[in-house]
Amino acid sequence: MIGMRVTQTLIPTLREVPAEADTVSHQLLLRAGMLRKVASGIYTLLPLGYRVVMKIEQIIREEMNRAGGVELLMPIIQPAEIWHETGRWDVYGPEMFRLRDRHGRDFCLGPTHEELITDIIRNEVKSYRQLPLLLYQIQNKYRDEKRPRFGLMRAREFIMKDLYSFDKDEAGLEVSYQKMYEAYCRVFKRCGLDFRVVEADPGAIGGGETHEFMVLADTGESKVVFCTSCDYAANVEKAPCDPQIIPSEENPRPLEMVATPDMRTVKEVADYLGVPSHQLIKTMFYKVDGEYVAVLVRGDRVVNETKVKNFLGATSVEIASEDEVMEAFGVPLGYAGPVGLQEKDKIKVIGDHEVRYLVNAVTGANKEGYHYRNVNTGRDYQVDAWADLRVAGAGDLCPRCKAPFQAKRGIEVGQIFKLGVKYSKALGATVLNENGKEVPIVMGCYGIGVTRTMAAAVEQNHDEDGIIWPPSIAPYEVVVIPVSHRDMLQVRMAEEVYQSLAAAGIDVIYDDRPERPGVKFKDADLIGYPVRIVIGSRAVEDGLVEIKWRASKEILYKSKEELVPYLRSSLERSKNNCI
Ligand code: ATP
Ligand code: MG
């Protein structure tokens, strides 16, 4: 029998908002007694929280299996050797948790498992006849994130589902990728989440095409753009942008240095000089694989570090600190500009296309307290290259149909990658194909952040009283509460209702605590059970129990006989609505 009594489990709800919690989902998961912090980015999932995780995992399992996936379990601890073979032992950097055994051998706590699974495949698979293979696990991952935050959202230990596909050729990968794309859509729909699939940048993991699955939420760390006319959607890091040229009738005027005391930001300078911010050139200094590069964008734009990295074919792009820029170029913060910059020292200067079209622009004069007016490309400064280097936003045009973009924030809950032969080549995972020729296996990898999905669900589904779980991933679907724990008739009836629901296979919890009803109602709202059943005097008198839906706040009454069929069908319906 399923079912649980509140007095038998551990649900330590909190009335106060914990000071450590930096986002709504983090606060609510702590307050609802689902989560506790152990160390920065490391958490215990308390019984209620773990039930949500298990439900998400079950949905993922069903959909991975439906798509032909097979589950296995690899170790968390991985030997350094395989990471040396792909070169990632060095590339991964401080994000990797490293350790030594008593014999002095190096290991890491797996941040991901491409190396390990490819090692297995190279040993066990020899012929194309054994392919395709889709292998997955659901397991803890370890990443020593620079800034762990938002609770489960960006943790250092978290649960991930990772699947790896192995095919004999590109056409096979195409099929596997498509299967996973569809399986992921089903997973997030079944979890009751409002999400979008967006094109993304392949980044450090390497390889080709990749999509991210974004749960839409204003608090999301990622920004995405959607076309308002076709179905194109992309992470802003990836979305290409055409220059939006602001027409100017002006002729170039002579270059002029003007005093701008204590004016450092784009807005301050623009206001002070009475020009629009798009008339300014913003000059940003980066360290690109250890070398300085200056990047120019219009004052109203943001540099896209991913585009800079891709354009320069670099592995690392880091913003230079104020001190570094001062020391290397003598340029004070807020007063940088391209005039004379190239001559100053060996520095590459690259500019976003839009900057090229500015007439009589304003830039920093590379001198404390001064800017230049009437700066014109070619005459006053040169660049090494023009490129698309800015972040896309609302109003930019779709690369497919040229309709304007809409911008939204999202939480990346999953990502799928076409890896190609990057790992199989590095590790020598090959098969003999139909012609007896040895070829590298073509791979894909596919991750879902299970614990992040849980947090994203809360971020998207809550109100001022607490969490509103989508029924498919709620810790329990129904809570039963007697109004008075001293009224024996109410308690007996509540007990009966609870027993009958549990016997009927409904996922129910019984709040049998000797507490005031207000406390129980508050907790029920905070925890976010989809259905609340209250047994009060009316239920005892005329046999009608009160049913309240957490999401719609709808209240209705049913007799004991109607209750089970009603709940079964309406819960089933609300879960299937999502597919
Ligand atoms: P991010 O860009 O957010 O750092 P990622 O692109 O490095 O994530 P992947 O390697 O694609 O992450 O991992 C697959 C999934 O694992 C992500 O889509 C995300 O849902 C989850 N995930 C990644 N890092 C974390 C983390 N630090 N805490 C919780 N979940 C995470
Ligand atoms: Mg990712």
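Along the sequence shown, residues carry numbers from 1. Atoms within each ligand, like the ligands themselves, are counted from 1 in listed order. Note that these values count all heavy atoms, side chains included, but never hydrogens, waters or copies made by symmetry.
Contact analysis puts M153 in contact with ligand 1, with a non-hydrogen atom separation below 4.0 angstrom.
Using modelled atom types, one finds a donor on one side chain and an acceptor on the other under 3.5 Å when comparing E62 with Q58. There is no side-chain donor-acceptor pair under 3.5 Å between Y423 and T86. T13 and D523 share a donor-acceptor pair across their side chains, judged by distance under 3.5 Å alone.
The shortest N/O to N/O separation between E412 and ligand 1 falls below 3.5 Å. In terms of polar-atom proximity, M160 is not counted as a contact of ligand 1, lacking any N or O under 3.5 Å from an N or O of the ligand. Every N/O-N/O distance between I448 and ligand 1 stays at or above 3.5 Å.
When non-hydrogen atoms are compared, ligand 1 lies under 4.0 Å from the side chain of R143 (C-beta onward) but not from its backbone. When non-hydrogen atoms are compared, ligand 1 lies under 4.0 Å from the side chain of E145 (C-beta onward) but not from its backbone. At a heavy-atom cutoff of 4.0 Å, ligand 1 is contacted by the side chain of R452 but not by its backbone. Residue contacts with ligand 1, taken as heavy atom pairs separated by less than 4.0 Å, involve L152 solely via the backbone atoms N, CA, C and O.
Within the 4.5 Å cutoff, side-chain heavy atoms of D194 are placed close to those of R196.
Looking at residues two or more places apart in sequence or on another chain, you find a side-chain hydrogen bond (donor to acceptor under 3.5 Å, both in side chains) between K287 and E324.
Within the 3.5 Å criterion, the main-chain N or O of L216 finds a donor-acceptor partner in the side chain of Q460. Checking side-chain atoms of D144 against main-chain N and O of F97 turns up no donor-acceptor pair under 3.5 Å. A donor-acceptor pair under 3.5 Å links the side-chain atoms of D289 to the main chain of T315, judged by distance alone.
Applying the 4.0 Å criterion to heavy atoms of V413 picks out, from ligand 1, the atoms 18 (O), 20 (O). Set against the non-hydrogen atoms of G414, the atoms of ligand 1 under 4.0 Å away are 18 (O).
By the 30° and 60° cut-offs, the orientation of the rings of Y476 relative to Y529 is tilted.
At most 12 non-hydrogen atoms from other residues, nucleotides or ligands lie less than 6.0 angstrom from CD of E318.
Here the protein contributes E412 OE2, Q415 OE1 as N, O or S atoms under 2.8 Å from the Mg ion (ligand 2).
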